[in-house]
Amino acid sequence: MLMDTGTLLTRNHEVKRPGGHSYRIREVHVRSGQSLAPGDAVCSLEYERTRLLSDDTTHLAECVFDVEKYGAVEVLDISAEVGQEVPKDGCALFSYAVPATIENALEPILTDLVKSGITTLHQSQSGIAADKREAAVEEYAQGVLPDRILFLGDATVFGSAKTGFVVTDSALYFQNDAETRYEVRFNHIKSWTQTEEVVPQENGDSEILKFLEIADYDDQTIRIPHTEGILDWANAGNLLDALIALRQQGKTRDSDGLIVFEDLPDETKLAYIEAIVWLVHHDDETIDVREFGELRLLMAQLNFSGELRRRTLAMMDDAGDLVLEQILERINLGVPKGAERVIGFSLVKDMVRVFKSAHGDEAPDSPQIALACNLLNIDDDQLELIQDAFEFDRKVLSGPASFDELKGMAEQLGSKAVAVGVPIAAIYMSGSVIGLSAAGMTSGLAALGFGGLLGLSSMATGIGVAVLLGVVAHRGVRWVISGKNEKEKRSQLRVLMLQEVLRNHQKAIAALGEDLAHFAQKIVGLSRDVVENKLKIEKIGKEMTLFADALAQIKRRGEKYESGLGSNADPSQDPSGEAEAGADRRGGKSA
């Protein structure tokens with residue numbers, strides 16, 4: 001039988017006696033069913049005060065609803081009566097229902113489970129210090145986006161939060177002083193039980209050890225001894241029952257961090273690219289060579305298979321029929337619940353990337369990108385951050401920018417990200433805007449010393465290319481750096497990052513070659529009956545021309561990056577060969 005979570009959302013409001021006088025309730029201002037906001041009057045108290053050389057006089061005191069963290073609440077039952085005396089310790093005036101969020105539902109349970117004197121419980125609604133969030137993520141909740149933390153239990157003496165527990169809407173992460181760790185994924189909980197084990201002692205006696213055992217849907221069991229400090233595991237069944245009930249209500253999520261884009265279903269990847277195709281086609285009713293080349297580079301970054309690339313090309317034939325709202329719905333269907341917001345930021349970043357590649361530095365405002373931002377609830381400040389990240393990526397690889405200039409840009413970017421509520425991680429989830437993979441760009445930025453400034457240093461390896469600052473990647477980069485001073489080291493790091501950009505270009509070129517060969521085979525088959533298949537052959541011929549032009553364009557862009565390895569030129573200023581591509585754009589060459 002599922003727990004009734006309604007009781008978890010009920011709170012009592014108490015009226016306190018203001019002073020040492022005798023107080024009575026004069027009037028109750030609230031009624032059952034009323035919506036109540038912080039600052040609203042709830043009751044009047046009356047009291048008698050005796051003055052020297054005067055008669056007793058009656059005075060009034062007004063009480064207001066002073067609980068701000070829940071926002072507006074609903075009054076349930078009135079528990080006090082007019083004329084009732086208020087005892088010294090106060091009395092319950094009424095009960096109220098708080099908003100039905102997972103945080104509000106778990107609050108009373110976690111408050112009871114925390115072992116007082118050992119752990120200090122911090123709650124998101126009341127504020128969790130950024131340094132505590134980051135410390136917990138770095139130490140034992142790797143991959144969690146800090147702003148997804150609802151509760152943090154700090155079990156350290158000096159408040160470093162390096163041991164304790166973290167609760168999100170997806171999981172509980174726990175680490176004790178001995179660095180014993182547990183991770184309980186809420187949507188994986190199948191059942192739980194309390195067990196005992198008799199352990200013989202050397203003196204002939206025996207000790208009974210008690211455990212909380214949590215079984216998941218993968219037939220795995222998490223076994224937690226009651227002796228683990230920080231939380232009262234003996235009574236944790238209430239928490240697990242509540243989580244199972246909240247899951248049934250759709251309150252829990254699958255993910256509280258970044259996801260591995262390459263592990264998403266093919267249909268989700270295809271929908272992601274469809275959104276970019278929708279952008280470039282509805283911009284001017286055509287897809288030119290430069291836009292097509294950017295799409296191919298993005299598909300190479302995302303490791304599209306040959307079959308998925310060909311499905312993308314077939315979809316381009318009907319690009320005019322694409323509807324963005326429907327595409328976004330399909331993307332969200334294939335994304336783990338809880339990761340939709342991250343995908344949205346990444347998608348808009350790639351839209352900005354492709355749009356700027358077609359229009360250059362003086363790109364006008366795009367009504368298509370504005371529509372995407374509106375549907376994804378991305379405001380102007382957040383869009384500006386995404387565009388700033390685009391420019392920062394280019395500066396990192398351009399060469400002439402000094403370290404101090406880049407550091408200043410990184411500081412501004414990191415501060416703005418916090419202010420507008422966009423994790424930098426989300427922007428790089430599908431790779432950088434200049435063709436570098438997510439792992440390569442983020443570990444490179446960290447090695448350059450920008451990880452902390454951008455809020456990347458608290459992320460850790462374990463979830464693939466979407467993870468920022470992988471320890472192995474970071475150490476690997478450091479190991480190959482042999483410069484005598486920081487300037488030389490930064491120059492070598494830039495070379496390594498450029499080399500990965502080139503590798504992605506080479507992947508795109510190889511994929512184009514494979515697809516051209518595929519078209520050639522189709523033409524051979526169709527040529528057996530030229531008359532009947534004339535239109536099909538002409539269509540494939542046009543597609544092959546577009547592919548060949550894109551191949552040349554990507555080769556030119558790669559050559560510019562390659563030349564940048566030995567100079568301070570900025571290859572990203574003309575990544576595709578502006579002069580050559582300009583004629584194609586004017587001619588309206590389309591997929």
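Excluded from the calculations below are hydrogen atoms, water molecules and symmetry mates; all remaining heavy atoms, backbone and side chain alike, are included. Residue numbers run from 1 in the order of the sequence given. Computed from a predicted model, the values in this text were never measured in an experiment.
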Inset, instruction - Check Asp284 against Thr286 and note the closest heavy-atom contact, atom names and distance. - result: OD1-O, 2.9 Å
Legend entry - Validation row: Asp147, Arg341 side chains within 4.5 angstrom (heavy atoms): no
Legend entry - Interatomic distance, Gln412 atom CD to Leu385 atom CG [nearest 0.5 angstrom]: 11.5 Å
Legend entry - Glu291 side chain vs Asp288 backbone, donor-acceptor pair below 3.5 Å: yes
Inset, instruction - Return yes if some donor-acceptor pair links the side-chain N/O of Asn104 with the main-chain N/O of Pro99 below 3.5 Å, else return no. - result: yes
Legend entry - 4.5 Å side-chain heavy-atom contact, Phe186 and Arg247: no
Inset, instruction - With rounding to the nearest 0.5 Å, note down the distance linking OH in Tyr140 to CD in Glu183. - result: 12.0 Å
Legend entry - Lys/Arg-Asp/Glu bridge criterion (N-O < 4.0 Å) met for Asp216, Arg185: no
Inset, instruction - Look up atom CG in Asp169 and atom CG in Leu106, then write down how far apart they are to the nearest 0.5 Å. - result: 9.5 Å
Inset, instruction - Would you please test Leu145 and Val342 for side-chain contact (heavy atoms from CB on, under 4.5 Å) and show each step? - result: CA-CA 10 Å; Leu145 294 173; Val342 173; 3.7 Å; yes
Inset, instruction - May I ask you to test the Gln368-Leu371 pair for a side-chain heavy-atom distance under 4.5 Å? - result: no
Legend entry - Salt bridge Glu103-Lys69, side-chain N to carboxylate O under 4.0 Å: no
Inset, instruction - Report the C-alpha separation of Glu267 and Arg311 in whole Å, then their side-chain angles, then the decisive distance to 0.1 Å, and conclude whether the salt bridge (Lys or Arg N to Asp or Glu O under 4.0 Å) test is met. - result: CA-CA 10 Å; Glu267 295 302 323; Arg311 289 181 63 188; 2.8 Å; yes
Inset, instruction - Return yes if some donor-acceptor pair links the side-chain N/O of Ser255 with the main-chain N/O of Gly338 below 3.5 Å, else return no. - result: no
Inset, instruction - Say whether, by atom type as modelled, one donor and one acceptor occur between the side chain of Glu134 and the main chain of Lys132 under 3.5 angstrom. - result: no
Inset, instruction - Let me know which of Gln382, Glu384, Glu411 forms a side-chain hydrogen bond (donor to acceptor under 3.5 Å, both in side chains) with Lys416. - result: Glu384
Legend entry - Nearest heavy-atom neighbours spanning Arg148 and Arg253: NH2-CD, 3.4 Å
Inset, instruction - Of all the heavy-atom pairs spanning Thr168 and Ile149, show the shortest one and how long it is. - result: CG2-CA, 4.2 Å
Legend entry - Side-chain heavy atoms of Gln249 within contact of Ile102, under 4.5 Å: no
Inset, instruction - Among Leu347, Leu376, Leu270, find the residue that satisfies the side-chain contact (heavy atoms from CB on, under 4.5 Å) test when tested with Ile331. - result: Leu347
Legend entry - Heavy-atom side-chain contact between Glu391 and Lys356 under 4.5 Å: yes
Legend entry - Nearest-0.5 Å distance that lies between atom CD in Gln123 and atom CG in Leu150: 8.5 Å
Legend entry - Non-hydrogen atoms of Leu264 and Gly334 that approach each other most closely: CD2-O, 3.7 Å
Legend entry - Rounded distance [0.5 Å steps], CG in Asp266 versus CZ in Phe304: 8.0 Å
Legend entry - Gln125 side chain reached by Tyr70 side chain, heavy atoms, under 4.5 Å: yes
Legend entry - Any donor-acceptor N/O pair, Arg309 side chain to Arg296 backbone, under 3.5 Å: no
Inset, instruction - Using a 4.5 Å cut-off on heavy atoms from C-beta on, say whether the side chain of Tyr272 contacts that of Leu302. - result: yes
Inset, instruction - Before giving the answer on side-chain contact (heavy atoms from CB on, under 4.5 Å), spell out for Leu298 and Arg353 the whole-Å C-alpha distance, their side-chain angles and the decisive distance to 0.1 Å. - result: CA-CA 10 Å; Leu298 182 56; Arg353 158 188 173 172; 3.9 Å; yes
Legend entry - Nearest non-hydrogen partners of Leu152 and Ala161, listed with the distance: CD2-CB, 4.0 Å
Legend entry - Derivation and outcome, side-chain contact (heavy atoms from CB on, under 4.5 Å), residues Ile343 and Glu340: CA-CA 5 Å; Ile343 284 283; Glu340 299 91 344; 5.8 Å; no
Legend entry - Flag, side chain of His281 to backbone of Val277, donor-acceptor distance under 3.5 Å: no
Legend entry - Nearest non-hydrogen partners of Leu9 and Ala105, listed with the distance: CD2-N, 3.7 Å
Legend entry - Any side-chain heavy-atom pair of Ser366 and Asp283 under 4.5 Å: no
Inset, instruction - Let me see the working for Ser124 and Arg133 under side-chain contact (heavy atoms from CB on, under 4.5 Å), right down to the final yes or no. - result: CA-CA 10 Å; Ser124 178; Arg133 293 177 189 257; 3.9 Å; yes
Legend entry - Inter-residue atom distance Leu172.CG - Leu110.CG, 0.5 Å rounding: 7.5 Å
Inset, instruction - Using the side-chain contact (heavy atoms from CB on, under 4.5 Å) rule, pick out the option among Met299, Glu294, Met351 that qualifies with Ile276. - result: Met351
Legend entry - Donor-acceptor contact below 3.5 Å, side chain Glu274 vs main chain Met315: no
